[in-house]
Each structure stands twice: as C-alpha cells, then as structure tokens.
Chemist: 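Pasting a structure here, questions to come.
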Amino acid sequence: MSTNSQRLRLWRNARLATLVGDDLGIVEQGAVLSEGERIAFAGPESDLPAGMRDRAETVDLEGRWITPGLIDCHTHLVFGGDRAHEFELRLKGASYEEIARAGGGIVSSVNATRAASEDELLASALPRLDHLIAEGVTTVEVKSGYGLETRTELAMLRAARRLGEARRVNVSTTFLGAHALPVEAKGDKDAYIDLVCREMLPVVAAEGLADAVDGFCEGIAFLPEHISKVFEAAKKAGLPVKLHADQLSNLHGAKLAADYGALSADHLEYTDDEGAAAMQAAGTVAVILPGAYYFIRETKQPPIAAFRSHKVPMAVATDCNPGTSPLTSLLMTMNMAATLFRMTVDECIAGVTRNAAKALGKAQDIGTLEAGKRCDLAIWDIERPAELVYRLGFNPLHQRIWRGQ
C-alpha cells in the first residue's frame, strides 16, 4: 500500500525544459510525474503510462513551463553585519585591494560575524535565502569564511545547515577557512594555513558540517602553495574541493583547481587558455559570477570563448556576500551573465540548473528533469525560456516544488 509520502503527483499540459543533453531539452506538451520526493517520469505527456496517470493527483498547468528547480551554487549567505560603507568608499574611487589592505573587505565582515551568535547568523541569513527561494531556487550552496577561527567557522557552518531545517530547500555547505588572513595572524600566512589544516578542517570534517572545501587563491589572500596545503588536508579528510580562482590576477588558480580534480573553479576573470584546458580535462566546472564583476567594476571579463572552445561546463551563481556581490536574485544574475559576458540563454539557464548541480557534485540527484532525480521544480508563467534571462526585476515564478511538494 502506497504511503502518503509515496503518492503520485502529475503536472500535465506543460512545456518542459528538461536540461537533459547539451541544450535545454525542450518538450512541448510535456508532463512531470513524481512519486514521493523523486521524479518518476518527465517527458512527452503522450508517453506517460496510463496506469500511472490514473493513480496520480493531477495539476493542469495550462501550458506553463517547467524547469528544474534553480540552483545557486556559490554564495556566502551567512555573515554578520554589512559593508554598505565600503560601497560608498568604492564610489569615491577606492579599489577592492585598497579597501582590503586598509583593514576593510573580508576582515571587516569577520569582526561582525565573530560578534554574532549562531542564532543571529541564522536569523540574518533567512531573509536573503527567502529572496532566492521566491525565485524558484531549490538548492543553495553556503560557504563559511568570515570566522577565520575555529569557533566562528563552526558556528557559520552550523547556521548554514540550519537554513535547510528552517526552510524547504537543499543546502550544500562549504568550508572556506582559507578566505582571508585574520588580524591576529599578524601577516603570517604560513602559520594561519597550518591552523586551517591542523585544527579547523579536521573538526569541520569530524562534525560532518561541510560538503566541500574552498579557498581564495589571490595575492591579497593566499598563494598557490598555501591552497595546495589546504587541498591536501581536504583530500585526507575525504572532502572534495572548490576554488576562488583568478579573480583579480592570474596565479594559475584554475589549473591548480584542476590539478586537484576540483568540483569547480569560480570567478576566473584572469584565467588563461591553459587553465581552461586543464579544467576541461579534469571535469572542473567554471562558475561565472557576474555580480562581483559588476559590483567592483572589474573590466577584465572571464574567458567565456575559451570555456566554450574547450567545452568547459559553465555555471552561474549570485556570489551573494556583503562586500563584493550583495545580490540575492539568481534571475538578475542570469541577465547580467548574458548582458555583460554575452552568455546565451541556453548557457545561462543550464548555468543555474544542470551545470550548477555539477559544480556541487550533485548532478546525480538534481539539475535536470529525469526519472530518479529529486522532484525539485520551478513552474513559470512565461511564453519562452528566454524570458527568464531577458527580464529585469521581474519574477515570473508560478510555483516552486521541492521534493515533490
């Protein structure tokens, strides 16, 4: 006998962008059937077995579009305070590097985050998460990295895990202890990285608080030799890696990430052809972050043409953070990727579904409309998928389905 959690639900008379294959995988006159939390069928309605149709609770979508639930695969959603004052400084001409070297930037968020309790971190992150959920986001990645000490890094990751308990959303957590150098390190990057590897990362892994490990490979953060030590520690702990790479200069972070089989390399404005080729060979996803590019008024664009040429999967994410991308709209992010970097509609939509799932190492579970995957859907009041990328400040979400409900 079928339990309530296993009951069949059918969304019919729909148009589907399944994202199966190398394009949008469009199906006219399509249907999606769920059994419990999983998709049991997704495809042409005419192919749906009659026995399943007859037993299902049915919703007529009247020609609306269904895509996989959207995935924001790079965020810093949990943090204390804000950095609106730095925005003012930037408007007066200060650069990201100048603000960071003057004690602002990431370190200023560290002070506010350390001063906040776990409950306060959760409470401040929820409104940001709610904005993403309202646009059809069903999975979000959340990084630590504003603690830079064991106690606060753990508190951030626990708060991130609790987001998935407070809301109906999948949360993937990433330990980013190698984000910046705390003031108390007094400029000693080697000693701090040793602390990350020897103390922080083992505790994070032991408590099961992280799904991956990240680092910031940049002159104002950590050099490739520091990141290599973190990645070796992650490997020892059995955790996959990701990397903030080549955002402000080319330290060959993309190739470094690829050398360690990273799930993704993110930012990538200064990545060269060798880095793109290495990413393709390693299966590392390029995560494009137009919000940060726009907000810090960067002029060097990520090498989209090289990623296309080398067939590197490209994801798109908000990079929601207090200092360089205070962005909580994945729809706006797609428009920015298209407008600023000339990514196509198909690339943008794949970037927040199929390829975003790959960037999190979760392509087996989410990101496309296929039998066996989680039934995470976004249902849209649109006439064509291009509207999701084309419109500014407009949310055409009709309904969001998370795990079949």
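Computed from heavy atoms alone, side chains included, the values below leave out hydrogens, waters and symmetry copies.
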Chemist: Does the side chain of T368 reach to within under 4.5 Å of the side chain of T18, using non-hydrogen atoms?
Modeler: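 Not in contact.
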
Chemist: Please tell me whether D266 and S264 have a donor and an acceptor in their side chains that are separated by less than 3.5 angstrom.
Modeler: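 Yes, side-chain donor-acceptor contact under 3.5 Å.
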
Chemist: Please determine if R9 and E57 form a salt bridge, counting it only when a charged side-chain N lies under 4.0 Å from a carboxylate O.
Modeler: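 Looking at R9 and E57, the cut-off is met.
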
Chemist: I need the full list of ring-ring contact (aromatic ring centres under 6.0 Å, His included) pairs touching residues 351-400, with sequence neighbours left out, sorted by first then second residue.
Modeler: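 Every pair satisfying ring-ring contact (aromatic ring centres under 6.0 Å, His included) with a residue in residues 351-400: there are none.
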
Chemist: Pair H244, D214 - check side chain to side chain contact (heavy atoms under 4.5 Å, CB included), show working.
Modeler: CA-CA 7 Å; H244 288 60; D214 200 345; 3.1 Å; yes

Chemist: Run the side chain to side chain contact (heavy atoms under 4.5 Å, CB included) test on L263 and L360 for me, step by step, so that the C-alpha distance in whole Å, both residues' side-chain angles and the decisive distance to 0.1 Å come before the verdict.
Modeler: CA-CA 7 Å; L263 293 172; L360 296 180; 5.8 Å; no

Chemist: Taking the basic N atoms (NZ, or NE/NH1/NH2) and the acidic carboxylate oxygens, is any pair closer than 4.0 Å for R38 and D365?
Modeler: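 Here R38 pairs with D365 in a salt bridge, since their nearest N and O are under 4.0 Å apart.
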
Chemist: Determine, step by step, whether R12 and D60 satisfy the salt bridge (Lys or Arg N to Asp or Glu O under 4.0 Å) criterion, reporting the C-alpha distance in whole Å, the side-chain angles of both residues, the deciding distance to 0.1 Å, and the verdict.
Modeler: CA-CA 5 Å; R12 59 167 299 275; D60 184 343; 3.5 Å; yes

Chemist: How would you list all residue pairs meeting side chain to side chain donor-acceptor pair (under 3.5 Å) that involve residues 301-315, not counting sequence neighbours?
Modeler: D273-H310, R308-E347

Chemist: If you apply the rule side chain to side chain donor-acceptor pair (under 3.5 Å), what do you find for H74 with D319, and how did you get there?
Modeler: CA-CA 5 Å; H74 181 131; D319 189 21; 3.0 Å; yes

Chemist: Show every salt bridge (charged side-chain N to carboxylate O under 4.0 Å, His left out) that has at least one partner inside residues 275-303, sequence neighbours left out.
Modeler: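 Qualifying pairs: none.
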
Chemist: Under 3.5 Å, is there a donor-acceptor pair linking the side chains of S46 and Q29?
Modeler: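 Side-chain D/A pair, S46 to Q29: absent.
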
Chemist: Is any side-chain N of the basic residue among K229 and D194 closer than 4.0 Å to the acidic one's carboxylate O?
Modeler: no

Chemist: Identify which one of E232, K242, K235 satisfies the side-chain hydrogen bond (donor to acceptor under 3.5 Å, both in side chains) criterion when paired with Y260.
Modeler: E232

